*Asks:* 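Following this message is one structure expressed as structure tokens.
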There are 2 protein chains.
Amino acid sequence: MERKGASGQNGAGRLSRTSVLKAALELVDEHGVEALSMRRLGQAIGRDPMSIYRYAANRQELLAGVAELVLDEVETFPDDTHWQAQLRRMAHELRRVCLLHPNAVPLLVTGPLSTPLGLRPAGTLRPLEQVLGTLIRAGFVPADALHIYRAFYGFLYGHILNELQELIADPDENEALLRLGLQRLPLRDFPHLRSLAPELLEYDGSQELDEGLTILLAGLGHQLADNEARYT
Amino acid sequence: MERKGASGQNGAGRLSRTSVLKAALELVDEHGVEALSMRRLGQAIGRDPMSIYRYAANRQELLAGVAELVLDEVETFPDDTHWQAQLRRMAHELRRVCLLHPNAVPLLVTGPLSTPLGLRPAGTLRPLEQVLGTLIRAGFVPADALHIYRAFYGFLYGHILNELQELIADPDENEALLRLGLQRLPLRDFPHLRSLAPELLEYDGSQELDEGLTILLAGLGHQLADNEARYT
DNA sequence: GCTGTAGGTCTACAGTGTAGACAAGATTAT
DNA sequence: ATAATCTTGTCTACACTGTAGACCTACAGC
């Protein structure tokens, strides 16, 4: 008789924090956060569930680790282009990673991001510092840069959450459901909404993000021009 | 010997969906989502836990109901002011309600809002219809109005999530923690962030929201002016 | 050899969501 | 009034959860 070996890597070699977290992320990716139980994770790594506690204090800490693992996947870019292009690039990059791990996104918005700005792990703060640099170099006052950072990431996470909701497994079923859902609405109470049925059907997340960014960046450009006019 | 009567209303009168949901919301408000277990809720309403299942199919459905209950608290305004003022007003109203139920906010962003737009309960869609009307009346093309709605609420929920993270029980401890956290960062790697310590300390959510809205609305005003220039 | 420590395992406990059978009260049909 | 049905709340039971605490085993340094 042997240990089980069906799922994932068997109990070969020693464990490590990252190997445990990677297995956890895999589980979350495939079956959602709810499915990540200590016992299932133990089975996935071919070890006793209790062994996990050597690498994470408890389940919450484990989930926080998973979130950090996801955030580590977002790539950073050198600060060499126009600030607007730079922000666009960073936004799309974060979106890309989130779409790779949709089930883990709830952990990002209520997990380690649930710590106030100043207290997050250094790795998480690097993008913040970079955005601040970009904005200040573009001509914004540091204090404004901070507020802009918040507005920017607020919008970004908001968009990603929206897009993930729109994302449904079967697009055909989605279409049928949507038509049904819309017809249920009384025409006289929801005239605009019902007339927008076609637009509701073809949702393009990347384009939607871009359009939102355009609005936001236009507003920022405005603000920047005003500042410079005032100080010169 | 009697039934317990310490917590909440005792087992007087018949239950109803809303009474159950209200008790559930109270529990969430006071002790967080995790603390809302069927058994504890049963205790709070002075009934057997199983009775809850007559009013909610399962725990998820129960949480969705709680989320709807919260959303029902946001008031709506007649459509009588400038569209920008209207959007500002609605944003602050949603923020107000969310700050009243911070523990329930995660349910809003991953709960019934986790349904694609067209499939949400009619009550949830009313704000959408109203915003669409406001924007179209202001001069936007319907398709644009939809995208703007998305950008607007995306930003709004993003801001609220951010603000809730910033919200900590004890502000004094917050200040101490933040100072410590910042000093831990190497000055040469985080020059901007460390220089912003004072601004990080005084966080005013309402003002922050307003500044973000200003940026966004400025961008929108731009877009609107362009449209009208093109079509006249 | 001996000792200390880190990694992995085992058992056990209190708590979870919920299926399914049942009881009592209300409502309706006859 | 009697009988039938439906609604509401209760009870028991089951599979599953996170994790405390004792253990065991292998390797480190001396």
Side-chain angles (χ1 to χ4, degrees), chain A residues 1-25 27-28 30-67 103 106-107 110-111, chain B residues 1-25 27-28 30-67 103 106-107 110-111:
Chain A
M1 291 301 129
E2 257 292 291
R3 291 278 154 75
K4 72 216 43 172
S7 66
Q9 67 261 46
N10 204 331
R14 277 241 280 299
L15 294 180
S16 72
R17 175 149 223 261
T18 48
S19 78
V20 169
L21 290 183
K22 264 157 90 170
L25 176 55
L27 262 179
V28 169
E30 278 180 57
H31 304 104
V33 190
E34 322 265 79
L36 176 52
S37 75
M38 298 313 232
R39 284 163 167 93
R40 260 197 280 265
L41 181 52
Q43 189 163 321
I45 59 180
R47 289 289 194 301
D48 187 279
M50 275 302 148
S51 60
I52 300 164
Y53 286 90
R54 302 282 169 190
Y55 302 96
N58 50 47
R59 186 168 185 266
Q60 290 243 350
E61 229 259 323
L62 183 74
L63 291 177
V66 170
N103 289 333
L107 301 179
T110 57
Chain B
M1 290 301 130
E2 259 292 294
R3 292 275 156 75
K4 74 218 41 172
S7 67
Q9 68 261 46
N10 205 332
R14 277 239 280 300
L15 293 180
S16 72
R17 175 149 224 260
T18 48
S19 79
V20 170
L21 290 182
K22 264 156 87 169
L25 176 55
L27 263 179
V28 169
E30 278 181 57
H31 304 104
V33 191
E34 322 264 80
L36 176 52
S37 75
M38 298 313 232
R39 285 163 165 94
R40 258 196 282 263
L41 180 53
Q43 190 164 322
I45 61 182
R47 290 289 193 304
D48 187 280
M50 276 301 152
S51 59
I52 300 162
Y53 285 90
R54 301 284 171 192
Y55 303 96
N58 50 50
R59 187 167 185 265
Q60 290 243 350
E61 228 261 324
L62 184 76
L63 292 177
V66 171
N103 289 334
L107 300 179
T110 56

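Keep in mind that what you see is a predicted model, and the values were worked out from it rather than measured. Throughout, a chain's letter reflects where its sequence line sits, starting with A, and its residues are numbered from 1.
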*Asks:* Can you tell me the distance, in whole Å, between the CD atom of A:Glu61 and the C1' atom of D:dG18?
*Replies:*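 Rounded to whole Å, this separation is 15 Å.
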
*Asks:* May I have the distance from B:Leu41 (atom CG) to D:dG9 (atom P), rounded to whole angstrom?
*Replies:*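 That distance rounds to 13 Å.
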
*Asks:* Evaluate A:Arg54 against A:Val20 for side chain to side chain contact (heavy atoms under 4.5 Å, CB included), listing each step before the verdict.
*Replies:* CA-CA 10 Å; A:Arg54 302 282 169 190; A:Val20 169; over 6 Å; no

*Asks:* Knowing that exactly one of A:Leu62, A:Thr18, A:Leu15 qualifies, which makes a side-chain contact (heavy atoms from CB on, under 4.5 Å) with A:Tyr55?
*Replies:*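 Checked A:Leu62, A:Thr18, A:Leu15 against A:Tyr55; only one passes side-chain contact (heavy atoms from CB on, under 4.5 Å): A:Leu15.
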
*Asks:* Given atom CZ of A:Arg47 and atom C1' of C:dC10, what is their separation to the nearest angstrom?
*Replies:*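 A:Arg47 atom CZ is separated from C:dC10 atom C1' by 16 Å.
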
*Asks:* Looking only at non-hydrogen atoms, find the nearest pair between A:Ala35 and A:Arg40 and report the distance.
*Replies:*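 Minimum heavy-atom contact is O-NE, 2.8 Å.
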
*Asks:* Applying side-chain contact (heavy atoms from CB on, under 4.5 Å) between B:Leu27 and each of B:Ile45, B:Leu41, B:Val66, B:Val33, report the one that passes.
*Replies:*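 Output: one option passes, namely B:Leu41.
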
*Asks:* CE/B:Met50 to CZ/B:Arg39 distance, rounded to the nearest 0.5 angstrom?
*Replies:*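 Between B:Met50 CE and B:Arg39 CZ, I get 7.0 Å after rounding to 0.5 Å.
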
*Asks:* If I take atom CG in residue B:Leu15 and atom C1' in nucleotide D:dT10, what distance separates them, rounded to the nearest angstrom?
*Replies:*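 Whole-Å distance recorded here is 12 Å.
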
*Asks:* Write down the distance between CD1 (A:Ile52) and P (D:dG18), rounded to a whole number of angstrom.
*Replies:*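 A:Ile52 atom CD1 is separated from D:dG18 atom P by 9 Å.
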
*Asks:* Using a cut-off of 4.0 Å between protein heavy atoms and nucleotide atoms, how would you tag nucleotides 14-21 of chain C 5' to 3' with B, S and -?
*Replies:* --BBBB--

*Asks:* When you look at CD of A:Glu61, are more than 12 heavy atoms from neighbouring residues, nucleotides or ligands closer to it than 6.0 Å?
*Replies:*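 Check passes, neighbour count above 12.
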
*Asks:* When the distance from CD of A:Gln43 to P of C:dT9 is rounded to whole Å, what number comes out?
*Replies:*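 Going from A:Gln43 (CD) to C:dT9 (P), I get 13 Å.
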
*Asks:* Calculate the interatomic distance between B:Asp48 atom CG and D:dA13 atom C1'; express it in whole Å.
*Replies:*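 One finds 13 Å between C1' of D:dA13 and CG of B:Asp48, rounded.
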
